[in-house]
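Let me begin by presenting the structure, written as structure tokens, before commenting on it.
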Amino acid sequence: MSEFQSDLLNLLSERGYIHQVTDAGALDALATKQVVPGYIGFDATAPSLHVGSLVQIMMLRRLQQSGHKPIVLMGGGTTKVGDPSGKDESRQLLTSATIDANIASIRKIFERLLTFGDGPTDAVMVNNDDWLSKLGYIDLLRDVGPHFTINRMLTFDSVKLRLDREQPLTFLEFNYMILQAYDFRELAKHFACRLQMGGSDQWGNIVNGIELTRRMDGLEVYGLTTPLLTTADGSKMGKTAAGAVWLNEDQLPAYDFWQYWRNTDDRDVGRFLRLFTDLPLDEIARLEALEGNEINAAKAVLANEVTKLVRGEDAAKAAEETAAQTFAGGGMGEDLPVLEVPSEGIRAGAACTALGFTASNGEAKRKIAEGAVKIDGETVSDPGMLITLTAGEERKLSLGKKKHGVLRGL
């Protein structure tokens, strides 16, 4: 027998999204009776979110799949302040124009994964700058300030960790948790929102919002967090040696995105299929039971399904074909990253870094010393080797078995 009555909590539970819930019984009962509008907040610090945000986006998708209403809250206002969670230093403040451009760019991903519109379960995107920028400072201090004690605010991890490391925490950032709590209250009041979801690092902020909403308006609202998502080797989702794994095509080619999922650790395949795809659970159970070389077939399914959701069917197909040509025939698929080489040529080590295979020329040097770099299947032994190409000539540069790119003469 299932743990919950509602489709919402059953779906979230069986796919591995639930870490903590503020009042599971009451939320479960509410979700069986009515459409529950629920939100997750996203910062607008870059033109794209990365893979680390995908589990949150998928939660909003699950909310909609189970008959409820997703609210995508873009932090146009809070991005001007900066979330201190998990940060050692203040981040650069962005202009309003940059933040607005980032939000417009980020919206594209949500439009692939959610259905927007005016219906009762259609997704909406709102921007907290719409209300936060109108708040008078004295009014905020008088109305909201009394509900927060400095003693309690100092116990939150986002504050404590920064202070423990003796890193400065500005008064601006210290206000972030108050503004985030105010967001929940605003969404509950004007959008009938009853649920805030987020990563486990947001638990304190979510509880603040629940308490503020109850104290100021007498409304009962709920919170739900996901487990902190790390890969089997303990590293954070969405980061590689070459940089962030961006969701938008403009920031990362589809082949590189596909390849990130194809390179998943064997131990993560089942979990990632449940979290990041819509495949039925019995099919996922079959795929995660595969062993030895057969698990690679499950990884290809994972890469295809996630790429299809985030980038579209054509991108997934092109990336898979490129991988097949690259691995099977030693050929050069159309979707491989391309580095255009000027007539004066480029050093082998610099080419590895320019293609994003290595984070620095020093790392490229080490990889070449290990014999991991090849051009057209021939091992490169000297990082200073000059590669010169005639106009239109192409050669394949490889790092290990999984990273391939095309060098093309200008």
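Positions are given from 1, in the same order as the sequence printed here. Everything numeric here is computed off the predicted structure, so don't read it as measured data.
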For this session: Find the distance between OH (Y260) and CG (L302) and round it off to the nearest 0.5 Å.
Result: 10.0 Å
Exercise. Is the shortest heavy-atom distance from the side chain of L355 to the side chain of L407 under 4.5 Å?
Worked result: yes
Exercise. With a 4.0 Å cut-off, would you call K299 and D266 a salt bridge?
Worked result: yes
Exercise. Under a 4.5 Å cut-off applied to non-hydrogen side-chain atoms, are F257 and L247 in contact?
Worked result: yes
Exercise. Could you give the distance from CG (D43) to CG (N128), rounded to the nearest 0.5 Å?
Worked result: 8.5 Å
Problem set entry | K317 bridged to E320 by N-O distance under 4.0 Å | no
Exercise. Aromatic rings H50 and W246: how do their planes relate, parallel, tilted or perpendicular, breaks at 30° and 60°?
Worked result: perpendicular
For this session: Kindly indicate whether the side chain of R194, heavy atoms from C-beta on, has any atom under 4.5 Å from the side chain of L30.
Result: yes
For this session: Return the orientation label for the Y255 and W258 ring planes: parallel under 30°, perpendicular over 60°, tilted otherwise.
Result: parallel
For this session: Mind checking the OG-NZ spacing from S398 to K403? Nearest 0.5 Å is all I need.
Result: 12.0 Å
Exercise. Do other residues, nucleotides or ligands put more than 12 heavy atoms under 6.0 Å from the CG atom of N293?
Worked result: no
Exercise. Between atom CG of L179 and atom CH2 of W131, what is the distance when rounded to the nearest 0.5 Å?
Worked result: 11.5 Å
Exercise. Any luck finding a side-chain donor-acceptor pair between D7 and S66 under 3.5 Å?
Worked result: no
Exercise. If we ignore angles and hydrogens, is there a donor and acceptor under 3.5 Å between the side chains of Q202 and Q196?
Worked result: no
Exercise. Got a sec, which residues hit ring-ring contact (aromatic ring centres under 6.0 Å, His included) with F110, two or more places apart in sequence or on another chain?
Worked result: F42
Exercise. M58 versus R15: any side-chain heavy-atom pair under 4.5 Å?
Worked result: no
Side-chain donor-acceptor distances from residues 111-120 under 3.5 Å, at least two apart:
{"from": "E111", "atom 1": "OE2", "to": "R107", "atom 2": "NE", "distance (Å)": "2.7"}
{"from": "R112", "atom 1": "NE", "to": "V310", "atom 2": "O", "distance (Å)": "3.1"}
{"from": "R112", "atom 1": "NH2", "to": "R311", "atom 2": "O", "distance (Å)": "3.2"}

Exercise. Heavy-atom distance under 4.5 Å between the side chains of L224 and L12, does that happen here?
Worked result: yes
Exercise. Any luck finding a side-chain donor-acceptor pair between D183 and T78 under 3.5 Å?
Worked result: no
Pair up each side-chain donor or acceptor in residues 140-152 with any protein partner under 3.5 Å, not counting sequence neighbours, and list the distances.
{"from": "T149", "atom 1": "OG1", "to": "R152", "atom 2": "N", "distance (Å)": "3.1"}
{"from": "R152", "atom 1": "NH1", "to": "E211", "atom 2": "OE1", "distance (Å)": "3.0"}

For this session: Answer yes or no: is there an ion pair linking K308 with E305, defined by an N-O contact shorter than 4.0 Å?
Result: yes
For this session: Before accepting this row, confirm whether a basic side-chain N of the pair K108/E249 lies closer than 4.0 Å to the acidic partner's carboxylate O.
Result: no
Problem set entry | Approximate separation, where rounding is to 0.5 Å, of D217 CG and L212 CG | 8.0 Å
For this session: Check the side chains of T32 and S6 for a donor-acceptor pair under 3.5 angstrom, ignoring hydrogens and angles.
Result: no
For this session: Mind checking the CG-OG1 spacing from N263 to T231? Nearest 0.5 Å is all I need.
Result: 12.0 Å
